[in-house]
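First up is the structure itself, then whatever we jot down about it.
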Amino acid sequence: MNIKEVIGSIVETIIKVAALLFLISFVYDAAIKAYDFGFRVFAEEAMTTGDGRTISISVEQDDTVMDIGKNLQEKGLIRDANLFFVQELLSENHGKINPGIYDLNTSMKSDEMLAIMAAEPEEEKKKEAENSGKADSEEEEDQDAGDAEENGAEENGAEGEAE
């Protein structure tokens, strides 16, 4: 065996070991980042503790969840727009974000912000309350009319027996 073959074999082994170490390091780092991201999806803390500061956010009809997340990140309400996207995807409020202007606080968690943005707008609540109020009053009027008819029939029956 000549010396060139031995040196070539050693260099080849060193390169293979270095590539294997690089691959192990890459997989380890990727696993740590994936775990951290997955953990943060369900346990992300608010940006600040205590009172925080209130910031108004405008959500347009054609905004995607990623657009909203980027806007929240730019305003300092969340740390990561991609994380917000995944949180919304896994949230009970998935696909329910309504357009409007929202006052959000830096002490809120992402799920609290999602709940606020997914809640029915105040105008719609007022309309529904008015409509249900009208429906309730109509039902009461119908019930009162029915009661009056029943009372009238009972009174007529009582007069017929008295004669």
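The chain is numbered in sequence order, starting from 1. Any value given below was found using the heavy atoms of this structure, including those in side chains, with hydrogens, waters and symmetry copies removed.
Pairing each heavy atom of G50 with each of S107, the nearest pair is O-CB, 3.3 Å. When every heavy atom of S56 is checked against every heavy atom of D103, the shortest pair comes out as OG-OD1, 2.5 Å.
A 4.5 Å side-chain heavy-atom check between I68 and M117 finds at least one atom pair inside the cut-off. Inter-residue side-chain proximity for N98 and V59 is flagged as unmet; no heavy-atom pair is nearer than 4.5 Å.
Looking at T54, T48, I116 one by one, the single match for side-chain contact (heavy atoms from CB on, under 4.5 Å) with M108 turns out to be I116.
Of the possible donor and acceptor atoms, none in the side chain of N93 sits under 3.5 Å from a partner among the backbone N and O of K96.
One distance of note links CD of E88 with CE of M113; it measures 14.0 Å at 0.5 Å rounding. One finds the CG atom of N105 at 8.0 Å from the CD1 atom of I55 (value rounded to the nearest 0.5 Å). Rounded to the nearest 0.5 Å, atoms CG (D111) and CD (E92) are 8.5 Å apart. L20 CG to S25 OG: the interatomic distance, rounded to the nearest 0.5 Å, is 11.0 Å.
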Do any side-chain atoms of residues 78-87 form donor-acceptor pairs under 3.5 angstrom with protein atoms, and if so which ones, sequence neighbours left out?
{"residue": "R79", "atom": "NH1", "partner": "E44", "partner atom": "OE2", "Å": "3.1"}
{"residue": "R79", "atom": "NH1", "partner": "E45", "partner atom": "O", "Å": "3.0"}
{"residue": "R79", "atom": "NH2", "partner": "A46", "partner atom": "O", "Å": "3.4"}
{"residue": "D80", "atom": "OD1", "partner": "N82", "partner atom": "N", "Å": "3.0"}
{"residue": "Q87", "atom": "OE1", "partner": "S110", "partner atom": "OG", "Å": "3.0"}
{"residue": "Q87", "atom": "NE2", "partner": "R40", "partner atom": "O", "Å": "3.4"}
{"residue": "Q87", "atom": "NE2", "partner": "V41", "partner atom": "O", "Å": "3.2"}

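Screening residues 50-70 for salt bridge (Lys or Arg N to Asp or Glu O under 4.0 Å) gives no qualifying pairs among residues at least two apart or on separate chains.
V65 and F42 fall within a single hydrophobic cluster, where Ile, Leu, Val, Met, Phe, Trp and Tyr are joined by side-chain heavy atoms under 4.5 Å apart, directly or via other members. Cluster membership for I14 and L23, using ILVMFWY side-chain heavy atoms within less than 4.5 angstrom, is not shared.
In the hydrophobic clustering (ILVMFWY side chains linked at under 4.5 Å, chained through shared members), I32 is joined by Y28.
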